[in-house]
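One structure below.
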Protein chains: 2
Amino acid sequence: MAKATDGDTAPVPQRLLAAATRLFAEQGYDRTSVQEIVEAAGVTKGALYHYFGSKEDLLQEVYARVLRLQQERLDAFADADAPVEQRLRDAAADVVVTTIENLDDASIFFRSMHHLSPEKNKQVRVERRRYHERFRALVEEGQRSGVFSTATPADLIVDYHFGSVHHLSTWYRPDGPLSRQEVADHLADLLLRALRP
Amino acid sequence: MAKATDGDTAPVPQRLLAAATRLFAEQGYDRTSVQEIVEAAGVTKGALYHYFGSKEDLLQEVYARVLRLQQERLDAFADADAPVEQRLRDAAADVVVTTIENLDDASIFFRSMHHLSPEKNKQVRVERRRYHERFRALVEEGQRSGVFSTATPADLIVDYHFGSVHHLSTWYRPDGPLSRQEVADHLADLLLRALRP
DNA sequence: TCCGGCATACCGACTGGTTAGTCTGCCGGT
DNA sequence: ACCGGCAGACTAACCAGTCGGTATGCCGGA
């Protein structure tokens, strides 16, 4: 009864973000009215526009949060003290698990990114690119040291893997036959198998 | 000067579909007004509602077209007279090429499917499922005959590959360093490599 | 050959409803 | 008494879909 996103105990900005995240994921950004968001958060428009400059700012904040989280985790795995194939496997599996744990954010991310204005979109792309490049560096490291095949450009490898992560929000169901960790292990395994020399 | 989608020679319904496809892909379904579509097609609302029941029908028609096309092609490749690893490779590469050739349809498909009403959405899912299962059957056939690894469930393999196809509309640029065929060959190769026993 | 009847194809003003964002003001704590 | 935090009515814009109307061409009968 005291969770961080509780309907009436958490601070108003968090409640607004939580409500917006859920509604954006369920109905899409354009289909969700500001009125719905404030009702779900138990406040009114005055509160929303007190904390956020616009509906779009709300969307951008959702992005920023998930990007920060994933970047931190990737950095941790990539910097670990382990063979490169282990670090890549861990990072690849972790992004699957955290994506499944935040499927709402993921659907929003991939379905609504283009709803951001050009400037904000650019900002998100920059962050996203940093993430992509960190991941690519891992692949390239393994390719240079000979543990990964060089048959495929590292860029494409990264897009291949993130394609499957991206796709999770389309098909993964928590009540399906596979747990998060199982899916993550399978997908990481597929990546590593494809990279065998 | 006599292409099928010419601005003023093609039949009105085709022009409307072509305009809608482009605009939906560029701006998204909700961001595109019926007024914009009819202006791009060089007609007026009267014409649109003469041929289509609603804006949503237009979206559904875009789906139906691309689904028919891809199902036909998959069936052809799957029914061919060749070893299963060859048939899977051909099918996997072909879906990449045709997706790139119709990137607009692809972005619409993956970004706007959830804008369809429940009934129409269901209809699309049924068609999509048929496609998915045909592809999965290929994987399972190879797994049974021992040419593919059975480490990963066939369903997941299919979602893995279609994740990367899905993702194409996010990163592929026609003016990039790789041609359609090159990307297709690489992605099909990754799939087959991941399936090596 | 001409004509009246009718269907198809299309036009564009209009309507009813919705929406993001604004603004004025209240209220409770310091 | 003041101010951050918020309420909620209001506005200006927009949009999907409707509807009465017009133009074009075909078809069968006189």
Side-chain angles (χ1 to χ4, degrees), chain A residues 4-24 26-63 108 112-121, chain B residues 4-63 108 112 114-121:
Chain A
T5 51
D6 247 357
D8 65 346
T9 65
V12 170
Q14 265 105 333
R15 273 169 30 212
L16 284 165
L17 266 180
T21 302
R22 185 171 53 81
L23 290 168
F24 288 166
E26 277 171 10
Q27 321 176 350
Y29 177 76
D30 282 321
R31 302 278 175 114
T32 303
S33 71
V34 170
Q35 193 59 41
E36 283 178 286
I37 298 171
V38 298
E39 273 167 23
V43 293
T44 60
K45 284 194 178 188
L48 193 153
Y49 285 96
H50 181 73
Y51 292 108
F52 299 92
S54 64
K55 183 184 174 185
E56 208 190 345
D57 281 1
L58 221 45
L59 180 59
Q60 197 193 19
E61 196 47 42
V62 173
Y63 284 153
I108 297 174
S112 306
M113 182 150 43
H114 61 290
H115 287 140
L116 283 174
S117 64
E119 320 96 66
K120 294 189 175 170
N121 203 303
Chain B
T5 52
D6 249 358
D8 63 348
T9 65
V12 169
Q14 265 104 331
R15 270 163 39 208
L16 283 165
L17 265 180
T21 302
R22 184 171 53 83
L23 290 168
F24 288 166
E26 277 170 11
Q27 320 177 349
Y29 177 75
D30 282 322
R31 302 280 174 111
T32 303
S33 71
V34 169
Q35 194 58 43
E36 283 178 286
I37 297 171
V38 298
E39 273 166 23
V43 293
T44 60
K45 283 195 181 186
L48 193 153
Y49 284 96
H50 181 71
Y51 292 108
F52 299 92
S54 65
K55 183 184 174 185
E56 209 190 345
D57 281 1
L58 222 44
L59 180 59
Q60 197 194 17
E61 195 48 41
V62 173
Y63 285 154
I108 298 174
S112 306
H114 59 290
H115 286 139
L116 282 175
S117 64
E119 320 98 66
K120 295 188 177 173
N121 203 302

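Note that the coordinates shown come from a computational prediction; the quantities given were computed from them, not determined experimentally.
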- Message: One pair to check against side-chain contact (heavy atoms from CB on, under 4.5 Å): A:Glu61 and A:Tyr51. What are the steps and the verdict?
- Response: CA-CA 12 Å; A:Glu61 196 47 42; A:Tyr51 292 108; over 6 Å; no

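Counting to the nearest Å, the C1' atom of D:dC19 and the CG atom of B:Leu48 are 16 Å from each other. Atom C1' of nucleotide C:dA9 and atom CG of B:Leu16 are separated by 12 Å, given to the nearest angstrom. One can place OH of A:Tyr49 at 14 Å from C1' of D:dC10, the figure rounded to the nearest angstrom. Between the CG atom of B:Leu58 and the P atom of D:dA16 there is a distance of 11 Å, rounded to whole Å. Taking atom CZ of A:Arg31 as the reference point, atom P of C:dT18 lies 14 Å away to the nearest angstrom. Summarising the geometry, the separation between CD on B:Gln35 and P on D:dA16 is reported as 9 Å, rounded to the nearest angstrom. Put simply, CD on B:Glu56 is 16 Å from C1' on D:dC15, counting in whole angstrom units. Taking atom CG of B:Leu23 as the reference point, atom P of D:dA16 lies 12 Å away to the nearest angstrom.
Judged by the 6.0 Å and 45° rule, A:Lys55 forms no cation-pi pair with A:Tyr49.
Judged by distance alone, the side chains of A:Asn121 and A:His114 never bring a donor and an acceptor atom under 3.5 Å apart. Judged purely by distance below 3.5 Å, without hydrogens or angles, the side chains of B:Glu56 and B:Gln60 never pair a donor atom with an acceptor atom.
Panel note: side chain A:Gln27, backbone A:Phe24; no donor-acceptor pair is recorded below 3.5 Å.
For A:Val43, the side-chain atoms get nearest to D:dA7 when compared with the rest of D:dA16, D:dA7, C:dA20. Ranking D:dA16, C:dG21, C:dA20 by closeness to the A:Ser54 side chain, first place goes to C:dG21. Taking the side chain of B:Thr44 as heavy atoms from C-beta on, and the options C:dG12, C:dG21, D:dG5, the nearest nucleotide is C:dG12. Considering only the side chain of B:Ala47, C:dC10 comes nearest among C:dG21, C:dC10, C:dT19.
At C:dG12, none of the side-chain N or O atoms of B:Lys45 fall inside 4.0 Å of OP1 or OP2 (strictly under the cut-off). Considering only side-chain N and O atoms, B:His50 lies under 4.0 angstrom from the phosphate OP1 or OP2 of C:dA9.
Nearest-nucleotide positions on DNA chain C place A:Val34 closer to the 5' end than the other of A:Val34 and A:Gly46.
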